[in-house]
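Protein chains get the first letters and strands the later ones, always in sequence-line order, with residue 1 at the start of each.
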Amino acid sequence: MNKIKTRFPPSPTGHLHLGGARTALFNWLFARHHGGLFVLRFEDTDRERSRQEYVDSIREALEWLGLYWDEGPYFQSQRLEIYREYARRLYEEGKAYYCECSPDELERKRKEALAAGRKPKYDGTCREKDLPPGPGRVLRLKIPPVGTTVVEDLIRGAVAFDHQELDDFILVRSDGTPTYQFAVVVDDLTMGITHVIRGDDHLSNTPKQILLYKALGAEPPKFAHVPMILGPDGTRLSKRHGALSILAYREEGYLPQALRNYLVRLGWSYGDQEIFTLEEMIEKFDLSRVSKSAARFDPEKFLALNAHWLRATPTEELAEEIKPFITKLGLPIPEKEYLLQALETVKPRARTLLEAAEMMRFYLVEEISYDPKAAQKFLTPEIVPVFERLLQELAKVEFEDEALEKLFRGLAEELGLKLKKIAQPVRVALTGKTVSPGLFEIMRILGRDRVLKRLKQALNYIKEA
RNA sequence: GUCCCCGUCGUCUAGCCAGGUCCAGGACACCGGCCUUUCACGCCGGCAACGUGGGUUCAAAUCCCGCCGGGGACGCCA
């Protein structure tokens, strides 16, 4: 039994987006599940549009997602000799022929056919001309005119295509570079790829590729066409649907484990299970549970999953991840123990690292500023005596959650007030907002000095107002 | 236009292959409630779907056909 080998072949003409990331994940998972190999290959035969910048960002995104490759990255632009050799073979064996039709002419015929309601396909003008190679000529594959090619898809079952629907597609461009259709086949063949897992937008290309394998006298790999990912509105995923690059999600404070978890459940399921660790995905992933229908990207569910993984990730780990976000907000990175404690309190409340960093703001600034509405409602003259009393008591109480709570509850009872009547003004004095983590935990973390200082600041504020 | 694929709550999906246990289960979102110093978390409860028409059958979300709807391919892009 041969070892399973999958690949992810992005073209470096754009960033890695959700669809590509999921395809990469499925291929990676399939290879890992079967103890096989995962290959990364850049399909950069379109020299006009391929850019180094995209090669770098795609690699970075895959690494961020933890989808490490076992082989590659290969670059088609460095394998031109190999394609040339295979092209020569095809031509010499009469399986392919040169064509001198000009692009303009082809374009004209295509429009004509479309207008006449026919399928726009190459009409075979040069098929029997027996032209030798020459400048301006392309190499086309000779498709058997009659017959049917069946794609045995691992997800969709047998899909038949009549050769009438196919045409003699171009293998080698007039500039000598291979087209996608030709390069993928030669690459998958020479790299020993056993399973091609890709978006179902490639399903209708597959019969052409199978015919090419046959012309080459080779056995095609197994194919599995996974459903596409659509935007929230059900149309093709595009820039309109938010961040187009996977890396943009990282910038917004999403966790790779959340993205993986969201992506793996888009088109694949395992009973009612929603949460998967990497290990579980590898263990449970299989093609038979991949669905056939397209899925829409739901940013809300992704956010919810991110919130889940934020809570499920050890604070120690998160503390490292959140530093860039704190810096991004222009806030200082505190010493480790303080950061850990502060983070612990915002963790169950934040949905992204960016939100968490924003929620930690009051822990990190020296001078806090009040939300105008909060100050207006809670920093009023009536609270002055309470704050003054608190100043005295807090100077001597032990700064632990239980002791602080006991103090507040006792004070509330003594003054005949509801706890919240005291807690909310203090919360505003300490954080500037009416919403925050638990009052006693933030006091404990802030420490006596800061708490007293902020209460005094609030008192001054009230007197000046 | 031609060919191909797909069609269960708003969304992701389980169930479909081996028809009854499904007046359809889970998750996100949404709405109530509990907890409570605020907001979250957590817990409890609710709303909500088999695209449509026909056929087969004692029985259909599950099998068959038509229709409708969505997506994809048809490039010297990948």
Side-chain angles (χ1 to χ4, degrees), chain A residues 9-14 43-46 48-50 99 101-103 106-107 110 113-121 136-140 151 153 156-157 159-162 164-167 169-175 177-181 183-184 199-208 225 227-228 230 232 234-236 262 265-275 289 291-305 307 311 345-351 359 374 405 408-409 412 418-424 426-428 431 433-440:
Chain A
S11 80
T13 54
E43 311 220 319
D44 58 349
T45 57
D46 184 343
E48 294 287 303
R49 300 191 300 153
S50 295
C99 162
C101 297
S102 76
L106 258 17
E107 185 56 30
R110 187 172 300 123
L114 227 28
R118 281 172 308 161
K119 187 153 181 115
K121 52 177 237 181
R137 291 178 183 170
V138 300
L139 185 67
R140 289 182 184 273
V151 179
D153 192 272
R156 280 148 220 280
V159 184
F161 293 85
D162 195 298
Q164 296 290 333
E165 298 301 325
L166 277 20
D167 71 352
F169 62 99
I170 296 177
L171 262 20
V172 180
R173 301 183 184 109
S174 54
D175 68 356
T177 59
T179 59
Y180 159 76
Q181 303 279 16
V184 247
D200 70 12
D201 47 339
H202 284 285
L203 184 55
S204 32
N205 285 328
T206 310
K208 291 184 183 181
H225 289 92
M228 315 227 337
L230 273 20
T235 64
R236 205 184 179 115
Y262 180 71
R265 279 286 289 101
L266 221 49
W268 177 78
S269 62
Y270 191 80
D272 283 342
Q273 189 171 346
E274 298 284 350
I275 305 298
R289 304 195 66 92
S291 75
K292 297 176 183 166
S293 47
R296 297 183 190 207
F297 170 58
D298 181 0
E300 281 297 329
K301 185 149 185 172
F302 179 28
L303 241 195
L305 228 28
R311 278 176 257 130
T345 66
V346 303
K347 203 167 129 178
R349 286 162 240 266
R351 298 195 294 178
M359 285 177 184
E405 178 158 4
F408 271 67
R409 290 200 183 278
K418 288 261 200 190
L419 179 55
K420 75 196 298 187
K421 288 288 175 193
I422 301 178
Q424 279 303 76
V426 173
R427 187 186 311 282
V428 174
T431 70
K433 295 185 165 78
T434 56
V435 174
S436 83
L439 188 59
F440 309 120

Could you check A:Thr45 against A:Thr179 for side-chain contact (heavy atoms from CB on, under 4.5 Å), going step by step and ending with a plain yes or no? CA-CA 7 Å; A:Thr45 57; A:Thr179 59; over 6 Å; no
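Rounded to the nearest 0.5 angstrom, A:Lys208 NZ and A:Glu165 CD are separated by 11.0 Å. To the nearest 0.5 Å, atom CZ of residue A:Phe297 and atom CG of residue A:Leu266 are 8.5 Å apart. Atom CZ of A:Arg296 sits about 10.5 Å away from atom CG of A:Asp298, to the nearest 0.5 Å. Once rounded to the nearest 0.5 Å, the distance linking SG of A:Cys101 with CZ of A:Arg137 reads 10.5 Å. Note that CD of A:Glu43 and OG of A:Ser50 are 10.0 Å apart. Values are rounded to the nearest 0.5 Å. Between atom CZ of residue A:Arg351 and atom CG of residue A:Leu305 there is a gap of 12.5 Å, rounded to the nearest 0.5 Å.
Checking B:C6, B:C12, B:G25 against every side-chain atom of A:Asp272, the shortest atom distance belongs to B:G25.
The CZ atom of A:Arg265 sits 7 Å away from the P atom of B:U13 (whole-angstrom rounding). Rounded to an integer number of Å, the gap from A:Tyr262 OH to B:A29 P is 12 Å. With rounding to whole Å, A:Leu166 atom CG is found 12 Å from B:C4 atom P. For the pair A:Tyr270 OH and B:U13 P, the computed distance is 18 Å after rounding to whole Å. Straight-line distance from the CD1 atom of A:Ile275 to the P atom of B:G26: 16 Å, rounded to whole Å. Following rounding to the nearest Å, A:Lys301 (NZ) and B:C12 (P) show an atom-to-atom distance of 9 Å. The distance from atom CG of A:Leu266 to atom P of B:A14 is 12 Å, rounded to the nearest whole Å. Protein atom CZ of A:Arg296 is 11 Å distant from nucleotide atom P of B:G10, rounded to whole Å.
Panel note: side chain A:Lys121, backbone A:Ala113; no donor-acceptor pair is recorded below 3.5 Å. Between the side chain of A:Thr431 and the backbone N or O of A:Ser436 there is no donor-acceptor pair closer than 3.5 Å.
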Give the B/S/- string for nucleotides 71-78 of chain B, one per nucleotide from 5' to 3', where a protein heavy atom under 4.0 Å of the base yields B, of only the sugar-phosphate yields S, and otherwise -. SSBBSBBB
Quick one, give me the B/S/- string for nucleotides 30-39 of chain B, reading 5' to 3', where B means a protein heavy atom under 4.0 Å from the base and S means that only happens at the primed atoms, P, OP1 or OP2. -------BBB
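Checked by atom type, the side-chain pair A:Arg173/A:Thr177 shows a donor-acceptor distance below 3.5 Å.
Judged by closest nucleotide on RNA chain B, A:Arg156 is the one of A:Arg156 and A:Glu300 placed further toward the 5' end.
Using the Watson-Crick or G-U wobble rule with both distances under 3.5 Å, B:C74 pairs with B:G1. When both pairing distances are held under 3.5 Å, B:A24 makes no Watson-Crick or G-U pair with any nucleotide shown. Pairing of B:G19, defined by two Watson-Crick or G-U wobble distances under 3.5 Å, is not identified with any nucleotide. Pair assignment for B:U37 gives none, since no Watson-Crick or G-U wobble pairing has each distance under 3.5 Å. With a cut-off of 3.5 Å on both pairing distances, the Watson-Crick or G-U wobble partner of B:G53 is B:C65.
B:A27 and B:A14: their P atoms are spaced 15 Å apart (whole Å). Taking the P atom of each, B:G54 and B:A59 are spaced 15 Å apart, rounded to whole Å. If you take atom C1' in B:C76 and the same atom in B:G72, they sit 22 Å apart, rounded to whole Å. For the C1' atoms, the distance linking B:A48 with B:C12 amounts to 15 Å, nearest Å. Spacing between B:A49 and B:G15 at atom C1', rounded to whole Å, works out to 13 Å. For the P atoms, the distance linking B:G33 with B:C6 amounts to 46 Å, nearest Å. B:C65 and B:C47 are spaced 37 Å apart, taking the P atom of each and rounding to whole Å. Spacing between B:U56 and B:G71 at atom C1', rounded to whole Å, works out to 31 Å.
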Table of protein N/O atoms under 3.5 Å from nucleotides 44-49 of chain B N/O atoms:
none

Each nucleotide N or O in nucleotides 65-69 of chain B that has a protein N or O under 3.5 Å away: list the pair and distance.
none

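Checked against ring-ring contact (aromatic ring centres under 6.0 Å, His included), A:Phe169 has no partners two or more places apart in sequence or in another chain. Residues forming a salt bridge (Lys or Arg N to Asp or Glu O under 4.0 Å) with A:Glu274 (at least two apart in sequence, or on another chain): A:Arg265, A:Lys301.
Taking 4.0 angstrom as the limit, A:Arg289 places a side-chain polar atom (N or O) nearer than this to OP1 or OP2 of B:G15.
Put simply, the side chain of A:Thr206 reaches to within 4.5 Å of the side chain of A:His225, judged on heavy atoms. At least one side-chain heavy atom of A:Arg156 sits less than 4.5 Å from a side-chain heavy atom of A:Pro227. Annotation: side chain of A:Met228 is in contact with side chain of A:Arg236 (closest heavy-atom distance under 4.5 Å). Between A:Asp46 and A:Ser11, the closest side-chain pair of non-hydrogen atoms is not below 4.5 Å.
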